[in-house]
Amino acid sequence: MANENTPAVTDTILNFIGGAYRRGSTGKTFDNFAPATGLRIGTVHEASEADVADAVASAKAALNGPWGKMNTAERVKLISAVATEIERRADDFLAAEVADTGKPRHVASHIDIPRGAANFRMFADVISTTPTESFATATPDGGKALNYVVRKPKGVIAVICPWNFPLLLMTWKVGPALACGNTVVVKPSEETPRTAALLGEVMNAVGMPEGVYNVVHGFGAGSAGEFLTSNPDIDAITFTGETGTGQAIMQKAAVGVRDISFELGGKNPAVVFADADLDKVVEGLSRSVFLNTGQVCLGTERVYVERPVFDELVKRMTVAATAFKPGATGDPAYLGPLISAEHQEKVLGYYARAVAEGATVVTGGGVPAISGDEAGGFYVEPTLWTGLAHDSSVMREEIFGPCCGVIPFDSEDEVIGLANDTDYGLCATIWTENLSRAHRVAASMQVGVCWVNCWFLRDLRTAFGGSGHSGIGREGGVHSLEFYTETENVCVKL
Ligand SMILES: NC(=O)C1=CN([C@@H]2O[C@H](COP(=O)(O)OP(=O)(O)OC[C@H]3O[C@@H](n4cnc5c(N)ncnc54)[C@H](O)[C@@H]3O)[C@@H](O)[C@H]2O)C=CC1
């Protein structure tokens, strides 16, 4: 039976190549499931190697067609129109995203869809307003030379995306790629193909030239993902997903020495000092652990609390955790499902392992009892652990679920060591009312993003990315121009 998190009928999801929707040339399809119910809700047409080659050829041809001949102002007008059209069709995008992910409508309507549109508008602004670098250089003969930079599109960009914020994380890459004059072939996650496909309708509606935006559906190895990264006409690859997948893609990118931009996993720490405002901490920390059912690369999975407030914080976080209602579609406190049965099994594996590694399960730790339409959905309980050793696997490996381990600490030096003792380096959150300490500890975190007394306060103009196993490069605002353009320095003797 359908509910507000599933479409009423199953539907067909097609590839989008050269401005037209296409079935896969081999006739292969795969099922699309609603995580909220576990029911099959769609059929996705898988792109063959030939289809991917067609998509790349369309994208390459578009570089030499009307798109390649447009000036920045003309491109910006089209890209801004894409943002406006996404906003006009917000209900369609919302329905597609909620069906694919099962996430609460208020999450998709406040984060996924508006930020999906904002990514186009913001990068249209960035490309319109970023000045060109230039230097006046003294020459040996006492004269001068003028150096200035010409930015050119890199070419055809492969955009490979995960399932947790499908439209948002895709447009975060497609927006700057198009703003810089590139063309793209997108491979959305096999779990969440709908919004990438729907964006094709938007591109056609605003008059985007054919071949600028292409979508190929499928899986990773031996499927559309690998076909795309292996295609020699791909000039650069931008990828968000698991660290292991990033390593596989990097090997493909090495052939032809193609550029990469990677946003990968994390095992992000939160550090709570005893002087923090605990009301603010509980509000921000519970969002950082449970938003999107913990399926946020920026989410907190390790919490270090200064010993004097440890018990109090655990008590308050327990209350916050139990307020979430897994499976209660429509309830404002709805905690959505995990993305798939496979991911549910992975997260439950960590729930079992936490116990084996000596955790005290403060709350949660299992599968909620759910009846009705959602009984077959991929839900888990929001979960808090204490008593885990810092070096236990549950405290070291990314889980990507609604859970965290809470550990006490006694000194600033100790907690800096604990927070940085990880292979990852995506983000950290510090909670303190002591301004000097906030700056000092923030600067000592080995991460790409550090928040103080807030979380997920994201200005799209700021640099975003991680160090270590969390990624390579930074995207956002002008930082995206580094990846999506090739720069040429012109030196003119005056
Ligand atoms: N740092 C960041 O900004 C973010 C990182 N993530 C990470 O993403 C992961 C969750 O997303 P998933 O979709 O499970 O990641 P994943 O790495 O399994 O898949 C991501 C995409 O890569 C494709 N893919 C898989 N193998 C491939 C291959 N060999 N060649 C080419 N493409 C391939 C998949 O089909 C999918 O489209 C989490 O581990 C999380 O840490 C998620 C969101 C943001």
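If you read the sequence from its start, that first residue is 1, and numbering goes on from there. Computed from a prediction, not measured in an experiment: that's the story for all the values here. Just follow the structure's listing: the first ligand is 1, and inside any ligand the first atom is 1.
- Near Phe219, meaning under 4.0 Å from one of its heavy atoms, ligand 1 places the atoms 35 (O).
- Annotation: Trp163 is in aromatic contact with Phe400 [ring centroid separation under 6.0 Å].
- Under the 6.0 Å cut-off for aromatic ring centres, Tyr334 and Phe324 do not qualify, their centroids lying 6.0 Å or more apart.
- Of the protein's heavy atoms, Cys161 O, 3.2 Å lies nearest to atom 36 (C) of ligand 1.
- Looking at Ser467 and Gln446, their side chains never bring a donor and an acceptor atom within 3.5 Å of each other.
- Counting heavy atoms from C-beta on, the side chains of Ile234 and Val56 come closer than 4.5 Å.
- The nearest heavy-atom contact from the protein to atom 33 (C) of ligand 1 is Gly220 CA, 3.4 Å.
- Between the Gln344 side chain and the Tyr379 main chain, a donor and an acceptor come within less than 3.5 Å of each other.
- With a 4.5 Å cut-off on side-chain heavy atoms, Asp112 and Pro166 count as touching.
- Side-chain contact of Thr422 with Arg396: a donor-acceptor pair under 3.5 Å is absent, judged by distance alone.
- In terms of protein heavy-atom proximity, atom 11 (O) of ligand 1 is nearest to Pro162 CB, 3.3 Å.
- For ligand 1, the atoms lying closer than 4.0 Å to a non-hydrogen atom of Lys187 are 34 (C), 35 (O), 36 (C), 37 (O).
- At a 4.0 Å cut-off, not a single heavy atom of Gly471 sits close enough to ligand 1 to count as contact.
- A donor-acceptor pair is defined here as one N or O able to donate and one able to accept, closer than 3.5 Å; such a pair exists between the side chain of Thr243 and the backbone of His469.
- At a heavy-atom cutoff of 4.0 Å, ligand 1 is contacted by the side chain of Leu426 but not by its backbone.
- Under 4.0 Å from ligand 1, not a single heavy atom of Gln295 appears.
- Closest protein heavy atom to atom 12 (P) of ligand 1: Trp163 NE1, 3.2 Å.
- For ligand 1, the polar-atom distance check against Ser470 finds no nitrogen or oxygen pair separated by under 3.5 Å.
- What sits closest to atom 1 (N) of ligand 1 on the protein, heavy atoms only, is Leu264 O, 2.4 Å.
- The Gly265 neighbourhood of ligand 1 comprises atoms 41 (O), with distances under 4.0 Å to a heavy atom of that residue.
- Cation-pi contact between Lys154 and Phe483: present, with separation from the ring centre below 6.0 Å and deviation from the ring axis of at most 45°.
- Ligand 1 lies nowhere less than 4.0 angstrom from a heavy atom belonging to Gly465.
- The shortest N or O to N or O distance between Asn164 and ligand 1 is not under 3.5 Å.
- Distance from atom 32 (N) of ligand 1 to its nearest protein heavy atom, with residue and atom name: Gly225 CA, 3.6 Å.
- Under the 4.5 Å side-chain criterion, counting only non-hydrogen atoms from C-beta, Ile407 is not in contact with Arg302.
- The closest approach between Gly466 and ligand 1 stays at or above 4.0 Å for every heavy atom of the residue.
- For Arg22 and Phe16, the positive end is not near the middle of the six-membered ring at less than 6.0 Å and at most 45° from its axis.
- Taking a cut-off of under 4.0 Å to the non-hydrogen atoms of Leu169, the atoms of ligand 1 that pass are 43 (C), 44 (C).
- Ligand-side atoms of ligand 1 in range of Phe239: 17 (O), 20 (C), 21 (C), 22 (O), range being under 4.0 angstrom from any heavy atom.
- A centroid separation of 6.0 Å or more is found between the aromatic rings of Tyr350 and Trp385.
- Between Trp451 and Phe456, the two ring planes are tilted [angle within 30° to 60°].
- Considering backbone and side-chain N/O atoms, Ala248 never comes within less than 3.5 Å of an N/O atom of ligand 1.
- Below 3.5 Å of separation, one finds no N or O of Phe400 facing any N or O of ligand 1.
- The backbone of Pro188, and not its side chain, has at least one atom closer than 4.0 Å to an atom of ligand 1 (non-hydrogen atoms only; backbone = N, CA, C, O).
- In this structure, atom 15 (O) of ligand 1 lies nearest to the protein heavy atom Glu242 N, 3.5 Å.
- Taking every heavy atom of Glu226 and a limit of under 4.0 angstrom, the matching atoms of ligand 1 come to 30 (N), 31 (C).
- At least one N or O atom of Thr245 sits closer than 3.5 Å to an N or O atom of ligand 1.
- Under the salt bridge (Lys or Arg N to Asp or Glu O under 4.0 Å) criterion, the residue pairs touching residues 160-187 are Lys173-Glu475, Lys187-Glu190, with sequence neighbours excluded.
- Listed by number with element, the atoms of ligand 1 under 4.0 Å from a non-hydrogen atom of Phe464 are 3 (O).
- For ligand 1, the polar-atom distance check against Glu190 finds a nitrogen or oxygen pair separated by under 3.5 Å.
- Under the 4.0 angstrom criterion, atom 24 (N) of ligand 1 counts as having a protein heavy-atom contact.
- The side chain to side chain donor-acceptor pair (under 3.5 Å) search around Asn182 returns none, not counting sequence neighbours.
- A donor-acceptor pair under 3.5 Å links the side-chain atoms of Thr229 to the main chain of Glu226, judged by distance alone.
- In terms of protein heavy atoms, atom 2 (C) of ligand 1 is closest to Cys297 SG, 3.0 Å.
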